[in-house]
There are 2 protein chains.
Amino acid sequence: MAGGKRKHKPLFKEEEYQRRVKKVKKMMSDRGIDVLFASHPANMNYLTGYDGWSFYVHQGVIVALDKDEPIWVGRGMDANAARVTTYLDNVDIREYADDYVHSPIGKHPMQFVADIFKAEGWDDKNIGVEMDQFYFTHKNYQILNEEMPAASFADATFLVGKARRIKSDAEIEVMDRAGLIAEKVMNRALEVVDVGVRECDAAAEIAKAQYAGTEDFGGDYPAIVPLMPAGEGTNTPHLTWTDTEYSDDEAVILELSGCYHKYHAPIARTLYLGEPDKKLKETADIVIAGLEETLEFIQPGVTCEEVEAKWREAISGSHVVKESRLGYAFGLNYPPDWGEQTASMRPNDTTELKPNMTFHVIPGIWFDDYGFEISEAIQITEDGCRSFYEFPRKLFTK
Amino acid sequence: MAGGKRKHKPLFKEEEYQRRVKKVKKMMSDRGIDVLFASHPANMNYLTGYDGWSFYVHQGVIVALDKDEPIWVGRGMDANAARVTTYLDNVDIREYADDYVHSPIGKHPMQFVADIFKAEGWDDKNIGVEMDQFYFTHKNYQILNEEMPAASFADATFLVGKARRIKSDAEIEVMDRAGLIAEKVMNRALEVVDVGVRECDAAAEIAKAQYAGTEDFGGDYPAIVPLMPAGEGTNTPHLTWTDTEYSDDEAVILELSGCYHKYHAPIARTLYLGEPDKKLKETADIVIAGLEETLEFIQPGVTCEEVEAKWREAISGSHVVKESRLGYAFGLNYPPDWGEQTASMRPNDTTELKPNMTFHVIPGIWFDDYGFEISEAIQITEDGCRSFYEFPRKLFTK
């Protein structure tokens, strides 16, 4: 083999993946699910280590209560990626032919998946599928349903996601690395964004910092590209960049992330080019004080909605109003979202905080004419919380 | 408004979007579809100009035969992005409250979408939905179906995609810009990849070149990050990068893209660090000759499967075997794919080539121990085809 050296391998020891599979099987068993088809790329990675930009075709990992190891299913050309990035035995890597891909002749990868279920005797079982995950289309469901008339289907949209919510110590170590990258990335962003610089050139330097990582370990592509609305754009959070130049008296919101092996440490800060007006400075002061009071409050045993209530109490009486959620669970992920979508800090979310849960706490405030964002990516600890990075909490100006 | 200047606006004139909507309505009418719900972000952009990294929540554009302009539906915080990036009137921008997002209380954005259908009197119509597109989940279908029992549903997975397949001249101009960026990106990649350089540092420079674009116009994030398998990884195409260093006698496959306002110009080349062996050199020669013969053959009126047959004929008798498709339609897109998924150069695809269709012709060859890729991103012209960039067709060595 040219080069010879092994570049790709699972990030964690085999035991870590086996513990995860065991945890997921327990959750399946509790819900009466016999076989799970996990199609979200983060769930596939979590269960097997699988990593490749192949999630634009149908693929998945099958976990069955009556089989020790999971089965990876995907396109033939990606099977070699499964062989080098997962801990699975070759026999558990099942590849479909290329004419299943965007087929002009009516073939569909879910027919191949159903064939595996039939061969294993799982086609009359209760099958969990991720009904509201991108990467599991309505058509996927239709075909599995048609091909396996004796099966029943359960909604397992968040089953693996809920297993992912509490990180192992090994995962926390990995996320600490993402945190170190996040510091470098935000420092670089604050350095390069300036009056007269094109937004795209700033984005370019930010991406470079994200991918390069540190001298000791490289970075990875985050699940979301740099979000960096400026000027008029700061009243909405999900704009990327243009090729116009930054100008005087412009607010720039930077929502970025460090990423290490698909584990994230998202970070948001706001930079004002010029002298911010009184309203923006007051907003920043109120939000930062509110964020710090909220972080003080966070500890195992409190619920997501209690955290959000604390935040609302902290900013009450001010002009700051936040209607969207205060934060969300995050960790291992792929585009389009680094959020895990399994818990949010907001009213009616009664998720109880537990050690090694990880949240992106992001009080983003968008008025009609401008916005302000600041965030911390935190780990719930035994008696409180800690951030994955150390970065000044303030409104930056230049 | 801080900054004052308008950074974001639709890329094309209003008439361009209106022509697209008209074209899509004609296709709907031909298929008996009264109302279309397009949830793929590329389709949303195509129909309205909408651009934002908000596609990790449910959203869409509604096109109805009995209404002139489309309706944008999305999350409240993204409505301002719709206001600045689309040509739509404010009345056609419909925003749902934040508690519809990953709701802990059983609310779902498709309930909000169904409410619009009901209010407009469309809930007993034949409704087109993108049944096999990511971004339209099985749950989406379930809820629309439950909320509108009198409606019927048609599979419109590729309806807008097929409208997108033939580009306007304005789109071709934009893709020429992506082509210029692609040249810069590949040049930079060939410059930075070298023995002793970490893969992540090469990826960082590539991303920087992608986002920065040219001095005259900035770049954008491509729908796929740099794919750059090296050494052992070159036997599978969708690996990204590690933080190991490139070593002597290693093949590096670079599948990259220039991107301008979400329009792509994908380009693949292979670089060998050291002196390639005879088999790789022969493979390169055969593949390049086959590619050139195939490009000579391409013209309006021939079908996708005929193009692929020509390619197979060109390489027949050699040791090169390609089982996967030779190429695919591409253009405007978002993660996870720059391919349009509506036409592929392979057996049984009878799509007839027409002027201003655009294809990524990519004979990627993966043996068990290494691979070789080279590609051209082409526009079908009146009497043949042309590439969006000029880049030497050879096996690069260093």
Side-chain angles (χ1 to χ4, degrees), chain A residues 1-3 7-8 52-56 77-78 80-81 98 102 104-105 131-132 134-135 137-139 141 198 200-201 203-204 207-208 211-213 217-219 221 224-225 227 231-233 235-240 242-244 247 249-251 323-324 335-337 341 344 348-349 369-370, chain B residues 1-3 7-8 52-56 77-78 80-81 98 102 104-105 131-132 134-135 137-139 141 198 200-201 203-204 207-208 211-213 217-219 221 224-225 227 231-233 235-240 242-244 247 249-251 323-324 335-337 341 344 348-349 369-370:
Chain A
M1 180 180 303
K7 290 170 184 269
H8 294 270
W53 191 289
S54 56
F55 39 85
Y56 65 92
M77 64 168 71
D78 298 316
N80 278 338
D98 215 60
H102 315 141
I105 52 169
M131 294 188 181
D132 203 18
F134 298 136
Y135 302 108
T137 64
H138 172 57
K139 189 84 178 177
Y141 179 85
R198 295 189 308 173
C200 59
D201 291 321
K208 180 179 166 180
Y211 291 15
F217 48 86
Y221 61 87
I224 305 179
V225 297
L227 300 176
E232 57 162 15
N235 67 3
T236 183
H238 297 128
L239 294 173
T240 49
T242 69
D243 55 13
T244 59
S247 56
D249 290 323
E250 194 162 79
E323 282 164 10
S324 53
D337 195 4
Q341 313 192 345
S344 296
N348 299 310
D349 192 321
D369 50 354
Y370 72 89
Chain B
M1 180 181 300
K7 289 171 185 270
H8 295 270
W53 192 288
S54 55
F55 39 85
Y56 64 92
M77 64 168 70
D78 298 315
N80 278 338
D98 215 61
H102 315 140
I105 52 169
M131 294 187 181
D132 202 19
F134 298 137
Y135 303 108
T137 64
H138 172 57
K139 190 84 177 178
Y141 180 85
R198 296 189 308 174
C200 58
D201 291 319
K208 180 178 166 181
Y211 291 14
F217 47 85
Y221 61 87
I224 305 179
V225 297
L227 301 176
E232 57 162 14
N235 68 2
T236 182
H238 297 128
L239 294 172
T240 49
T242 69
D243 55 13
T244 58
S247 55
D249 290 321
E250 193 161 80
E323 281 163 12
S324 53
D337 195 4
Q341 313 191 343
S344 296
N348 300 310
D349 192 320
D369 49 354
Y370 72 91

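Heavy atoms only: backbone and side chains are in, while hydrogens, waters and symmetry mates are out. Naming convention: chains lettered A, B, ... in sequence-line order (proteins, then strands); numbering from 1 in each chain.
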* Determine the minimum heavy-atom distance between A/Lys7 and B/Thr244, stating which atoms define it. => CG-OG1, 3.3 Å
* Pick from A/Gly52, A/Ser54, A/Pro104 with the largest number of heavy-atom pairs that fall under 4.5 Å of chain B -> A/Pro104
* For chain A, which of B/Leu227, B/Ile224, B/Asp349 has the most heavy-atom pairs under 4.5 Å? -> B/Ile224
* To do: Count the heavy-atom pairs under 4.5 Å between each of A/Gly219, A/Pro237, A/Ala207 and chain B, then report the option with the highest count.
  => A/Pro237
* **side chain to side chain contact (heavy atoms under 4.5 Å, CB included) partners for A/Pro336, two or more places apart** => A/Phe134, A/Tyr135, B/Trp53, B/Phe55, B/Tyr56, B/Tyr135
* Asked: Which atom pair, heavy atoms only, marks the closest approach of B/Tyr221 to A/Thr240?
  -> CE2-CG2, 3.6 Å
* Asked: What distance separates A/Tyr141 OH from B/Lys139 NZ, expressed to the nearest 0.5 Å?
  -> 10.5 Å
* To do: Among B/Ala204, B/Ala203, B/Ser344, single out the residue with the greatest number of heavy-atom pairs under 4.5 Å to chain A.
  => B/Ala204
* **Non-neighbouring partners of A/Asp132 that pass side-chain hydrogen bond (donor to acceptor under 3.5 Å, both in side chains), sequence neighbours left out** => B/His58, B/His108, B/Thr137
* For A/Ile105, is it the side chain, the backbone, both or neither that has a heavy atom under 4.5 Å from a heavy atom of chain B? -> side chain
* Looking only at heavy atoms, what is the nearest atom pair of B/His238 and A/Asp78, with distance? -> ND1-OD1, 2.6 Å
* **Closest non-hydrogen atom pair, A/Phe217 against B/Arg198** => C-NH1, 3.7 Å
* Asked: Where do B/Cys200 and A/Ala212 come nearest, in terms of heavy atoms and distance?
  -> SG-O, 3.7 Å
